[in-house]
Asker: 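So that we are looking at the same thing, I have put the structure below in structure tokens.
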Amino acid sequence: MNLRTPGPIPVPQEVAEAGAAPMINHRGPEFAAILARCEEGLKEVYRTSNDVAILTASGTGGMESAVVSHVSPGERVLVVTIGVFGERFVDLIRTFGGDPVHLAFEYGTGADPNAIDEALAANDDIRTVFVTHNETSTGATNPLEEIASVVKGRDRLLIVDAISSLSSIPVETDAWGLDVVVSGSQKGWMLPPGLAFVSVSERAWEVQEQCTTPRAYLDLRRARRSAGNGQTPWTPAVSLFYQLDRALALLREEGVEQVWARHRATAARVRAGVQDLGLELFAEESVRSDTVTSILPPDGLQADELRKIAREEYDTVFAGGQGSMGGKIFRFGHLGYTTDEDVSGALGAIEGALARLGHAVPARG
Ligand SMILES: *Cc1c(COP(=O)(O)O)cnc(C)c1O
């Protein structure tokens, strides 16, 4: 199957096999060594000297840990959104009794740093800003460096969902001053789902000590304390740690800057290939993502009809639109372990499905 969802994505064979190794005691020296290597490898990719916690949870678990650790009941925080995953932060903050001030930008666009600056100027009481780096639901990447510069200029805490960008698109945790950065294993990391990564700055650790929201499984302070002893607070997904260890070695071998360049090149190929088929891209040109491309079907055609034919006749799986974009777009994931053959095959599936649905594909020269 050509799995073109923006997570999960295909896993390299050697990473898959690493998951089959025998179980070990998660409170013994073998696990401690793996945990230490994984933390070091993650810090390299995060470009940080901050602690990086590894949680047995999906990406949303990482987001929830950031919310319960830094937002106290009744506290106003700024949440900048450009799509469905940004809105998830709003929901989580409300769930735990926080008071999100929601600064929403249109789907398919990126956030305007000046508007964030104005919102912070007008809300002196707000200490913390939440933002999505790469909005997987729309295929748009926010100008994170500029946003961080504004937020840091106003001396606020910055919490970033980098679940579908970290390891694939440049993120400079320390150089940009990102306080908390969340990622998830099944995106660019070339791993199965099940692990979340959360980096925490010194300043964020201090905020956590003041935060009054109850928390247990996702308490990052417990993760930090246990990591000091070469352990995790609760039984970890040991097999996924074996796989993380291997995937980080692959990323190191290739070099993270080379991995970014590869994603840039692959994304350019996907965008050009899709446009050659006469289709339009949903996200504005200046913010188009290097990990996921959102595509509008031709007039009169449902995106889900095209996805169905791609799946049934070409064994190629695209993701649909989420929320209000259901049926209106489809999404082509090209993060992590994506080969040239995967891209050609997926473009061929779109071409075949269009032809089958009676939509002529423009002649190519
Ligand atoms: C996938 C994703 C999530 C959710 O992660 P889960 O692992 O599905 O919980 C959140 N934010 C972004 C940007 C994502 O791409």
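All values below come from the heavy atoms of this structure, side chains included, with hydrogens, waters and symmetry mates left out.
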Asker: Testing the basics here: between G336 and I9, what is the closest heavy-atom pair and its distance to 0.1 Å?
Answerer: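 Nearest pair, atom of G336 first, then I9: CA-CD1, 4.3 Å.
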Asker: For E209, is there an ion pair with R221 - N to carboxylate O distance below 4.0 angstrom?
Answerer: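 A salt bridge is present here (some side-chain N lies under 4.0 Å from a carboxylate O).
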Asker: Residues sharing L3's hydrophobic cluster, by side-chain heavy-atom contacts under 4.5 Å among ILVMFWY, directly or via others?
Answerer: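 M1, V317, all in the cluster of L3.
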Asker: Heavy-atom count check: over 12 atoms from other residues, nucleotides or ligands less than 6.0 Å from Q275 CD?
Answerer: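 Correct, the count exceeds 12.
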Asker: Starting from the C-alpha separation in whole Å, work towards a yes-or-no answer on side-chain contact (heavy atoms from CB on, under 4.5 Å) for V180 and V160.
Answerer: CA-CA 6 Å; V180 176; V160 182; over 6 Å; no
Asker: Is it possible for you to say whether I159 and F105 belong to one hydrophobic cluster, with membership spreading through side-chain heavy-atom contacts below 4.5 Å?
Answerer: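 Unlinked, I159 and F105 end up in two clusters.
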Asker: Any luck finding a side-chain donor-acceptor pair between T291 and N134 under 3.5 Å?
Answerer: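 On atom types as modelled, these side chains qualify, holding a pair under 3.5 Å.
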Asker: Roughly how far apart are D161 CG and T132 OG1, rounded to 0.5 Å?
Answerer: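 Interatomic distance, D161 CG to T132 OG1, rounded to 0.5 Å: 5.0 Å.
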Asker: Please indicate whether E280 has more than 12 foreign heavy atoms, meaning atoms of other residues, nucleotides or ligands, lying under 6.0 Å from its CD.
Answerer: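 Atom CD in E280 is not packed in, count stays at 12 or less.
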Asker: Does a donor on one side chain sit under 3.5 Å from an acceptor on the other, for T173 and T48?
Answerer: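 T173 vs T48: no donor-acceptor pair found between side chains.
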Asker: Please confirm whether the backbone N or O of G139 pairs with a side-chain atom of S289, one donor and one acceptor, at under 3.5 Å?
Answerer: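 Not confirmed, S289 side chain does not pair with G139 backbone.
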Asker: Does the side chain of S69 reach to within under 4.5 Å of the side chain of R215, using non-hydrogen atoms?
Answerer: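 Yes, at least one pair of side-chain atoms sits under 4.5 Å.
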Asker: Linking Ile, Leu, Val, Met, Phe, Trp and Tyr by side-chain heavy atoms under 4.5 Å, what else ends up with M325?
Answerer: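 M325 shares its hydrophobic cluster with V84, Y107, F282, L296, I329.
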Asker: Is it the case that E206 and Q210 place a side-chain donor and acceptor less than 3.5 Å from each other?
Answerer: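 Judged by distance alone, the side chains do not pair up.
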Asker: Among residues at least two apart in sequence or on other chains, which ones pass salt bridge (charged side-chain N to carboxylate O under 4.0 Å, His left out) with D304?
Answerer: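 For D304, the residues satisfying salt bridge (charged side-chain N to carboxylate O under 4.0 Å, His left out) (neighbours in sequence not counted) are R307.
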Asker: For the side chain of E351 and the backbone of G348, is there at least one donor-acceptor N/O pair under 3.5 Å apart?
Answerer: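 No.
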Asker: Has the side chain of T128 got a donor or acceptor atom that lies under 3.5 Å from a matching backbone atom of L157?
Answerer: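 Flag not set: sc T128 to bb L157 has no pair under 3.5 Å.
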Asker: Do V200 and Q208 have side chains that approach each other closer than 4.5 Å (heavy atoms only, starting at C-beta)?
Answerer: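 Result yes, sub-4.5 Å side-chain heavy-atom pair found.
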Asker: Can a salt bridge be assigned to the pair D125 and R76 using a cut-off of 4.0 Å between side-chain N and carboxylate O?
Answerer: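 Answer for the salt bridge query: yes.
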Asker: Strictly by modelled atom types, are R88 and T60 linked by a side-chain donor-acceptor pair under 3.5 Å?
Answerer: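 Side-chain D/A pair, R88 to T60: present.
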Asker: Quick one: do V67 and F130 satisfy side-chain contact (heavy atoms from CB on, under 4.5 Å)? Show the steps, please.
Answerer: CA-CA 9 Å; V67 168; F130 288 82; 4.0 Å; yes
Asker: Given the rule in the side-chain contact (heavy atoms from CB on, under 4.5 Å) test, do L166 and V181 qualify, once you have shown the distances and angles that lead to the verdict?
Answerer: CA-CA 9 Å; L166 238 171; V181 183; 3.6 Å; yes
Asker: Quick one: pull up CG in L301 and CG in L354 and give me the separation to the nearest 0.5 Å.
Answerer: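 The CG atom of L301 sits 7.0 Å away from the CG atom of L354.
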Asker: Strictly below 4.0 Å, N to O, side chains only: are R127 and D155 in salt-bridge contact?
Answerer: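 Looking at R127 and D155, the cut-off is not met.
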Asker: Among V80, V90, I93, find the one that has a side chain to side chain contact (heavy atoms under 4.5 Å, CB included) with H102.
Answerer: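 Between H102 and the candidates, side chain to side chain contact (heavy atoms under 4.5 Å, CB included) is satisfied uniquely by V90.
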Asker: Do you see a donor-acceptor pair shorter than 3.5 Å between the side chains of R269 and S344?
Answerer: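 Yes.
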Asker: Using the rule that Ile, Leu, Val, Met, Phe, Trp and Tyr join whenever any side-chain heavy atoms are under 4.5 Å apart, tell me whether V68 and V79 fall into a single cluster.
Answerer: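 Looking at the clustering, V79 is in the same group as V68.
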Asker: So R4 and T338, side chain to side chain donor-acceptor pair (under 3.5 Å) or not? Walk me through it.
Answerer: CA-CA 9 Å; R4 292 292 114 221; T338 298; 3.2 Å; yes
Asker: Check for a donor-acceptor pair, side chain of D117 on one end and backbone N or O of P113 on the other, with a separation under 3.5 Å.
Answerer: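 No; zero donor-acceptor contacts below 3.5 Å.
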Asker: Are side-chain heavy atoms of E44 and L248 found at a separation under 4.5 Å?
Answerer: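 No - every pair of side-chain heavy atoms lies 4.5 Å or more apart.
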Asker: Output yes when D51 and R224 qualify as a salt bridge under the 4.0 Å nitrogen-oxygen rule, no when they do not.
Answerer: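 Yes.
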Asker: Could you go step by step and tell me if R246 and E17 meet the salt bridge (charged side-chain N to carboxylate O under 4.0 Å, His left out) rule?
Answerer: CA-CA 10 Å; R246 187 62 60 90; E17 284 166 9; over 6 Å; no
Asker: Give the table of side-chain donor-acceptor pairs shorter than 3.5 Å for residues 228-235, with sequence neighbours excluded, one pair per line with atom names and distance.
Answerer:
unit_1: Q231; atom_1: OE1; unit_2: R27; atom_2: NH1; d: 2.7
unit_1: T232; atom_1: OG1; unit_2: W234; atom_2: O; d: 2.7
unit_1: W234; atom_1: NE1; unit_2: Y217; atom_2: O; d: 3.0

Asker: Output all residues satisfying ring pair (Phe, Tyr, Trp, His ring centres under 6.0 Å) with F85, sequence neighbours left out; order by chain, then residue number.
Answerer: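 So F85 forms no ring pair (Phe, Tyr, Trp, His ring centres under 6.0 Å) with any residue.
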Asker: Ring pair (Phe, Tyr, Trp, His ring centres under 6.0 Å) with H334: which residues, sequence neighbours excluded?
Answerer: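 With neighbours one apart ignored, the set is F332.
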Asker: Can you list the steps and then say if S183 with W189 is a side-chain contact (heavy atoms from CB on, under 4.5 Å)?
Answerer: CA-CA 9 Å; S183 197; W189 301 91; 2.8 Å; yes
Asker: To check you understand the geometry: which heavy-atom pair defines the closest contact between L347 and G273, and what is its length?
Answerer: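 L347 and G273 have their closest heavy atoms at CD2-C, 3.7 Å.
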Asker: How close do P362 and L277 get, heavy atom to heavy atom, and via which atoms?
Answerer: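 Looks like CD-O, 3.5 Å.
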Asker: Tell me whether E135 contacts the main-chain N or O of G86 through its side chain, where contact means a donor paired with an acceptor under 3.5 Å.
Answerer: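 Yes; judged by distance alone, with no hydrogens or angles, the pair exists.
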Asker: Using a 3.5 Å distance criterion without hydrogens, assess whether the side chain of D290 forms a donor-acceptor pair with backbone atoms of H263.
Answerer: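 Such a contact is absent between D290 side chain and H263 backbone.
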Asker: Are L220 and I163 connected in a single hydrophobic cluster, I mean Ile/Leu/Val/Met/Phe/Trp/Tyr linked by side-chain heavy atoms less than 4.5 Å apart?
Answerer: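 Yes, it is one cluster - the side chains of I163 and L220 are joined through contacts under 4.5 Å.
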Asker: Which atoms form the tightest heavy-atom contact between T109 and A140, and what is the distance?
Answerer: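 Shortest heavy-atom separation between T109 and A140 comes out as O-CB, 3.8 Å.
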Asker: Under 3.5 Å, side chain of H359 to main-chain N/O of A355, donor-acceptor pair present?
Answerer: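 No.
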Asker: Whether the side chain of S294 engages the backbone of T138 through a donor-acceptor N/O pair (distance < 3.5 Å, no angle test) should be reported.
Answerer: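 Yes; judged by distance alone, with no hydrogens or angles, the pair exists.
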Asker: Side-chain contact, heavy-atom cut-off 4.5 Å: F318 with R331?
Answerer: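 In short, these two side chains do not touch, never coming nearer than 4.5 Å.
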Asker: Under a 4.0 Å threshold between the charged nitrogen and the carboxylate oxygen, would K308 count as salt-bridged to E312?
Answerer: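 Salt bridge flag = yes for K308 with E312.
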Asker: In plain terms, say whether R47 and E257 are close enough for a salt bridge, that is, a side-chain N and a carboxylate O under 4.0 Å apart.
Answerer: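 Result for this pair is yes, salt bridge flagged.
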Asker: Applying a strict under-4.5 Å side-chain criterion to I, L, V, M, F, W and Y, I'd like to know whether V238 and F197 cluster together.
Answerer: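 Yes, V238 connects to F197 through the hydrophobic network.
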Asker: Quick one: does any side-chain atom of N142 pair with a main-chain N or O of A111 as donor and acceptor, under 3.5 Å?
Answerer: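 The answer is yes, because a donor-acceptor pair under 3.5 Å joins these two groups.
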Asker: Would a distance-only check, ignoring hydrogens and angles, find a side-chain to backbone donor-acceptor pair under 3.5 Å from R156 to V129?
Answerer: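 Not at all, since once roles are kept as given, no pair shorter than 3.5 Å links the two residues.
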Asker: Grouping I, L, V, M, F, W and Y whenever their side-chain heavy atoms are under 4.5 Å apart, do L240 and V45 come out in a common cluster?
Answerer: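 Same cluster: L240 reaches V45 through Ile, Leu, Val, Met, Phe, Trp or Tyr contacts under 4.5 Å.
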